[in-house]
Enquirer: 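I'd like to ask you about the structure that follows.
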Amino acid sequence: MPGEEELIQLRIEKLQRLQARGIDVYPARAARTHDAIGAKAAFERWEADGAQGDAPAASVAGRITAMRDMGKASFLDVTDGSGRIQCYVKKDIIGEEAYAGLADLDLGDFLSVTGPLFRTRTQEITVEARSYQVLAKALRPPPEKWHGVEDIEIRYRQRYLDLMANAEVRDIFRTRAAIVSAMRRHLDGRGFIEVETPVLQPEAGGAAATPFTTHHRALDQDFFLRISLELHLKRLIIGGYDRVYEIGRIFRNEGVSWKYNTEFTMLEMYEAYADYNDVARNVEEMVSSIAQQVLGTTTAQFEEHTIDLAPPWKRITMREALIEHAGIDFAEFRTREKLYEELHRRGFADLDPGWSWGKLIDEAVSHYVEPKLIQPTFLLDYPKEISPLAKSKPGEDGIVERFEFFIAGFEMGNAYSELNDPVDQRERFEAQRRLAAAGIEEVETLDEDFLIALEHGMPPTGGLGIGIDRLTMILTGQRSIREVILFPALRRKD
RNA sequence: GGGCCGCUAGCUCAAUUGGCAGAGCAGCUGACUCUUAAUCAGCCGGUUCUGGGUUCGACUCCCGGGCGGCUCACCA
């Protein structure tokens with residue numbers, strides 16, 4: 001019979017047969033004494049203790065992931081969150097009726113099996129079923145047992161099938177959770193407090209990106225989904241917390257690619273009385289500590305690269321890096337026009353004449369430098385025009401105390417000695433506004449409410465943002481950000 | 001948004017030059033009381049992403065549309 005509809009119909013008929021026998025196919029409670037791994041461990045302990053007396057018994061519960069029918073005995077594989085355990089159902093032991101009932105079970109159903117543990121001839125620890133209980137009937141067939149789900153569209157749209165079929169995928173998201181957990185431990189251990197700030201904001205600031213907009217009906221006012229966490233966290237520093245962080249989702253209404261997802265998770269942390277050098281030390285310690293806890297080592301394999309995350313990481317200024325990798329000393333091209341001309345001469349095709357000097361430098365760095373930064377590297381001292389929230393570097397005109405750090409050639413995070421001079425900050429916002437009028441750059445919007453906060457006084461502060469998705473990519477060796485986001489943004493399919 | 005590639009059974013994949021749309025897994029029937037990608041025999045299963053066109057004949061060629069991947073652009 002089976003097309004999809006027929007397969008579903010057959011399962012519904014089985015469900016109805018079970019119900020006709022008075023069986024609750026979706027019971028509220030499950031008999032369960034051990035998870036799969038725990039049951040095996042219990043049996044091994046009993047063996048290690050000399051196998052005295054009766055073997056331990058267990059109730060295990062999980063999804064039926066394989067059935068091997070031998071006629072008057074069957075083997076079922078039951079898989080739960082801990083792993084897989086085999087169950088042996090023998091007609092002589094379980095009885096005629098219960099054995100016949102196996103016919104109404106399907107791959108994908110949830111089942112609880114109860115009985116003593118034993119080792120089969122091939123030494124596999126197995127539950128010898130004395131009884132079983134249906135926990136939930138599945139109406140659709142699971143993915144194919146050997147190849148699993150390979151179709152990328154199914155994997156993303158129906159992630160549960162991907163997780164069901166592909167253990168490596170389950171591991172990636174466990175690792176992601178472990179990364180975030182280790183990150184919290186690191187920060188909590190250093191006296192940072194975790195806070196939550198608004199996702200819906202009247203101004204979306206803290207980054208140069210296009211926000212999503214929405215409308216609040218009761219307030220009859222438009223809101224933006226946040227594009228960074230920065231400005232609210234600084235308000236908390238102003239309020240008197242010395243160390244704050246937030247791990248939160250942010251949203252940018254821009255293109256998607258292997259390294260950009262529409263919504264992504266960022267850690268931002270702010271530390272009063274620290275500067276960007278202090279932040280850099282904290283970053284390398286935190287990331288290497290996370291790797292040690294999650295991977296058991298401070299090296300990570302990413303494509304063909306072995307990444308060494310142990311501190312200290314390389315530090316190089318943007319100017320030095322451009323000299324080293326491109327032979328351009330931007331000190332020799334101090335104006336926008338000269339730099340534009342030089343890059344144009346070098347074959348940059350898509351330069352916009354409206355771009356600022358800083359934006360042009362950024363462009364050159366993206367092209368010449370970033371792909372070379374395979375081992376963890378702090379790229380220091382950015383142009384002021386593209387860093388409106390960072391403090392100027394003393395003695396260096398047009399440069400601010402800012403770094404981005406790179407691993408495997410792409411950006412992981414961004415940090416500054418935060419600008420705390422409210423007059424300077426206002427001028428920076430105004431300069432952004434002028435840039436927006438002159439060119440096509442995405443710019444920071446002026447946030448008057450934030451400026452008022454700054455005018456109340458903010459201590460010298462070091463701040464940082466890290467893309468958690470990207471860090472997870474590095475630590476799990478994944479080439480696409482969609483492989484580390486459970487439900488990546490996809491176009492709706494109708 | 002541009003370019004390139006992909007879409008065939010529930011899943012994983014075939015299909016020669018344009019010539020009857022196939023296999024494995026899953027499912028169904030039967031055999032089998034220690035199997036584990038169980039095995040053996042038989043059977044069922046298709047809007048070939050979608051809408052047009054060319055042709056005696058289209059999974060295959062042409063045009064439009066959808067979704068996805070890669071890439072470029074955009075983007076901290």
Side-chain angles (χ1 to χ4, degrees), chain A residues 1-11 13-14 65-77 84-94 99 103 106-108 118-124 126 128 138-158 161 164-165 206-210 227-228 230 250 252-262 264 266 349-350 352 359 362-363 365-366 370 379 382 386-387 389 402 404-406 410-416 440-444 465-467 470 479-480 482 488 490-494:
Chain A
M1 285 197 218
E4 185 174 27
E5 290 307 312
E6 291 87 343
L7 290 171
I8 292 170
Q9 190 52 42
L10 275 166
R11 283 168 179 254
E13 285 165 14
K14 289 177 180 177
T65 48
M67 287 199 282
R68 294 177 292 279
D69 177 7
M70 307 293 302
K72 296 189 177 61
S74 293
F75 292 89
L76 307 183
D77 288 351
R84 182 197 75 101
I85 188 164
Q86 178 171 264
C87 301
Y88 181 55
V89 187
K90 194 176 177 183
K91 194 174 185 177
D92 289 350
I93 293 175
I94 204 163
Y99 192 81
D106 284 300
L107 298 184
F118 74 107
R119 278 190 194 271
T120 63
R121 191 176 291 161
T122 54
Q123 299 307 303
E124 176 157 356
T126 299
E128 185 184 88
L139 300 184
R140 292 174 183 271
E144 199 253 356
K145 65 181 174 184
W146 190 243
H147 299 93
V149 179
E150 308 268 302
D151 184 287
I152 288 182
E153 197 169 345
I154 295 176
R155 291 189 48 232
Y156 295 162
R157 285 191 194 279
Q158 295 178 276
L161 295 178
M164 202 184 286
T210 310
I227 57 174
S228 85
E230 176 150 359
I250 69 179
R252 296 185 181 177
N253 201 346
E254 286 155 357
V256 298
S257 76
W258 66 278
K259 57 180 172 179
Y260 292 92
N261 194 62
T262 299
F264 61 102
M266 189 117 119
D350 297 310
D352 191 292
K359 174 69 182 173
D362 195 36
E363 196 68 12
V365 166
S366 297
E370 293 181 9
L379 193 58
Y382 274 62
I386 57 169
S387 315
L389 299 165
R402 169 184 181 181
E404 291 188 350
F405 69 100
F406 294 81
F410 74 110
E411 181 198 340
M412 287 288 127
N414 183 23
Y416 328 126
I440 57 161
E441 286 177 53
E442 296 283 352
V443 298
E444 192 75 41
I466 294 183
R470 291 182 179 182
R479 294 188 317 279
S480 168
R482 296 186 200 87
L490 293 179
R491 194 182 303 272
R492 165 178 174 164
K493 189 172 190 174
D494 281 323

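Proteins come first, then strands; the chains are lettered A, B, ... in the order of their sequence lines, and each starts at number 1.
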Enquirer: Does L161(A) offer a backbone N or O that forms a donor-acceptor pair with the side chain of Q158(A) under 3.5 Å?
Expert: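 Pair absent, no side-chain N/O of Q158(A) close to backbone of L161(A).
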Enquirer: Counting any heavy atom closer than 4.0 Å, what does D92(A) reach on the DNA or RNA strands: base, sugar-phosphate only, or nothing?
Expert: base
Enquirer: By nearest atom, which of the nucleotides G24(B), G27(B), C13(B) is closest to the E144(A) side chain?
Expert: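 The answer is G24(B).
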Enquirer: Using a 4.0 Å heavy-atom cut-off, does G467(A) contact any base of the nucleic acid, only the sugar-phosphate backbone, or nothing at all?
Expert: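 It contacts nothing in the nucleic acid.
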Enquirer: Please state how far atom CG in D69(A) lies from atom P in C28(B), giving the value in whole angstrom units.
Expert: 11 Å
Enquirer: Please list, for nucleotides 68-74 of chain B, all pairs of protein and nucleotide N/O atoms separated by less than 3.5 Å.
Expert:
| residue | atom | partner | partner atom | Å |
| --- | --- | --- | --- | --- |
| G68(B) | OP1 | R157(A) | NH2 | 3.4 |
| G68(B) | OP1 | R491(A) | N | 2.6 |
| G68(B) | OP1 | R491(A) | O | 3.4 |
| G68(B) | OP2 | R491(A) | NE | 3.2 |
| G68(B) | O4' | E153(A) | OE1 | 3.1 |
| G69(B) | OP1 | R482(A) | NE | 3.3 |
| C70(B) | OP2 | R482(A) | NH1 | 3.3 |

Enquirer: C43(B) pairs with which nucleotide, Watson-Crick or G-U wobble, both distances below 3.5 Å?
Expert: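 Check on C43(B): paired to G27(B), both distances under 3.5 Å.
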Enquirer: Starting the side chain at C-beta, find the nucleotide from U33(B), G10(B), U12(B) nearest to P141(A).
Expert: G10(B)
Enquirer: Taking CD from E4(A) and P from G10(B), how many angstroms apart are they, rounded to a whole number?
Expert: 6 Å
Enquirer: Which whole number of Å gives the distance between the C1' atom of G42(B) and that of G57(B)?
Expert: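 So the two C1' atoms sit 34 Å from each other.
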Enquirer: Sticking with atom P, work out how far C20(B) lies from G2(B), rounded to a whole angstrom.
Expert: 38 Å
Enquirer: For D106(A) and G27(B), give me the distance from atom CG to atom P, rounded to whole Å.
Expert: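 Those two atoms, CG and P, are 7 Å apart.
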Enquirer: What interatomic distance, in whole Å, is found between P of G1(B) and the corresponding atom of U39(B)?
Expert: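 Those two atoms are separated by 48 Å.
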Enquirer: Side-chain N or O of K14(A) versus OP1/OP2 of C28(B): is the shortest distance under 4.0 Å?
Expert: yes
Enquirer: OP1 or OP2 of U35(B) sitting under 4.0 Å from any side-chain N/O of R68(A)?
Expert: no
Enquirer: Just by modelled atom types, is the G206(A) backbone N or O under 3.5 Å from a matching donor or acceptor in the E444(A) side chain?
Expert: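 Side chain of E444(A) to backbone of G206(A): a pair is present.
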Enquirer: Determine, stepwise, if the pair F75(A) / M70(A) fulfils side chain to side chain contact (heavy atoms under 4.5 Å, CB included).
Expert: CA-CA 8 Å; F75(A) 292 89; M70(A) 307 293 302; 4.1 Å; yes
Enquirer: To the nearest angstrom, how far is E6(A) atom CD from C11(B) atom P?
Expert: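 For the pair E6(A) CD and C11(B) P, the rounded distance is 14 Å.
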Enquirer: Count the heavy atoms of every other residue, nucleotide or ligand shown that sit under 6.0 Å from CZ of R119(A), and state whether that count exceeds 12.
Expert: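 Yes, CZ of R119(A) has more than 12 neighbouring heavy atoms, counting only those of other groups under 6.0 Å.
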Enquirer: Closer than 3.5 angstrom, by distance alone: can the side chain of Q86(A) be matched with the main-chain N or O of D77(A) as a donor-acceptor pair?
Expert: no
Enquirer: Paired with C61(B) by Watson-Crick or G-U wobble geometry, both distances under 3.5 Å: which nucleotide is it?
Expert: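 The answer is G53(B), by the H-bond criterion.
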Enquirer: Which residue, G71(A) or G148(A), contacts RNA chain B at a nucleotide closer to its 5' end, judged by nearest heavy atom?
Expert: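 It is G148(A) whose nearest nucleotide is closer to the 5' end.
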Enquirer: Check whether R470(A) reaches the backbone of M412(A) with its side chain - one donor and one acceptor, N or O, closer than 3.5 Å.
Expert: no
Enquirer: Students often get this wrong, so: under 4.0 angstrom with heavy atoms, is E150(A) touching a base, only sugar-phosphate, or nothing?
Expert: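 Sugar-phosphate: the residue E150(A), judged by heavy atoms under 4.0 Å, touches backbone atoms but no base.
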Enquirer: Please pick, from G10(B), U12(B), U33(B), the nucleotide with the shortest atom-to-atom distance to any side-chain atom of L7(A).
Expert: G10(B)
Enquirer: For the pair R11(A) (side chain) and A138(A) (backbone), establish whether a donor and an acceptor sit closer than 3.5 Å, ignoring hydrogens and angles.
Expert: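 Pair found, side chain donor or acceptor close to backbone of A138(A).
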Enquirer: Across all strands shown, which nucleotide pairs with C67(B) by Watson-Crick or G-U wobble geometry, both distances under 3.5 Å?
Expert: G6(B)
Enquirer: Please state the P separation for the pair U29(B) and C61(B) - nearest whole angstrom.
Expert: 41 Å
Enquirer: Can you tell me how far P in A23(B) sits from the matching atom in C43(B), rounded to whole Å?
Expert: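 These two P atoms come out 11 Å apart once rounded.
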Enquirer: Are the side chains of F405(A) and L379(A) in contact, using a 4.5 Å heavy-atom criterion?
Expert: no
Enquirer: Write down the distance separating the P atoms in C70(B) and A21(B), rounded off to the nearest Å.
Expert: 35 Å
Enquirer: Donor-acceptor check, side chain of Y99(A) to backbone of K90(A), threshold 3.5 angstrom: yes or no?
Expert: no
Enquirer: So what does K90(A) hit on the nucleic acid, given a heavy-atom distance under 4.0 Å: a base, only sugar-phosphate, or nothing?
Expert: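 The answer is base, as K90(A) lies within the cut-off (heavy atoms under 4.0 Å) of a base atom.
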Enquirer: So which atom in D69(A) and which in S74(A) form the shortest heavy-atom distance, rounded to 0.1 Å?
Expert: OD1-OG, 3.4 Å
Enquirer: What interatomic distance, in whole Å, is found between P of C49(B) and the corresponding atom of C7(B)?
Expert: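 Nearest-Å result for C7(B) against C49(B) at atom P: 8 Å.
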Enquirer: Categorize F406(A) for me: base, sugar-phosphate, or nothing, with a 4.0 angstrom heavy-atom threshold over every strand shown.
Expert: nothing
Enquirer: Provide, to the nearest angstrom, the distance between the CD1 atom belonging to I8(A) and the P atom belonging to C28(B).
Expert: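 Rounded to the whole Å, the gap is 14 Å.
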Enquirer: Using a 4.0 Å heavy-atom cut-off across all strands, classify A207(A) as base, sugar-phosphate, or nothing.
Expert: nothing
Enquirer: Classify D77(A) by what it touches in the nucleic acid, base, sugar-phosphate, or nothing, heavy-atom distance under 4.0 Å.
Expert: nothing
Enquirer: Atom CD of E124(A) to atom P of U35(B): distance rounded to whole Å?
Expert: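 Computing the E124(A):CD to U35(B):P distance gives 12 Å.
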Enquirer: Applying a 3.5 Å limit to both distances, which nucleotide forms a Watson-Crick or G-U wobble pair with U35(B)?
Expert: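 WC or wobble partner does not exist here.
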Enquirer: Can you tell me how far C1' of U33(B) sits from CE of M70(A), to the nearest Å?
Expert: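 My rounded result for the distance is 8 Å.
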Enquirer: Respond yes when some side-chain nitrogen or oxygen of K145(A) is under 4.0 Å from OP1 or OP2 of C11(B), and no when none is.
Expert: no
Enquirer: Can you figure out which of C34(B), C75(B), G27(B) approaches the side chain of L10(A) most closely?
Expert: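 Among C34(B), C75(B), G27(B), the one nearest the side chain of L10(A) is G27(B).
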Enquirer: Taking U60(B) as the reference, what is the distance to A15(B) when you measure between their C1' atoms (whole Å, please)?
Expert: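 About 10 Å, rounded to a whole number of Å.
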Enquirer: How long is the line joining NE2 of H147(A) and C1' of U12(B), in whole Å?
Expert: 5 Å
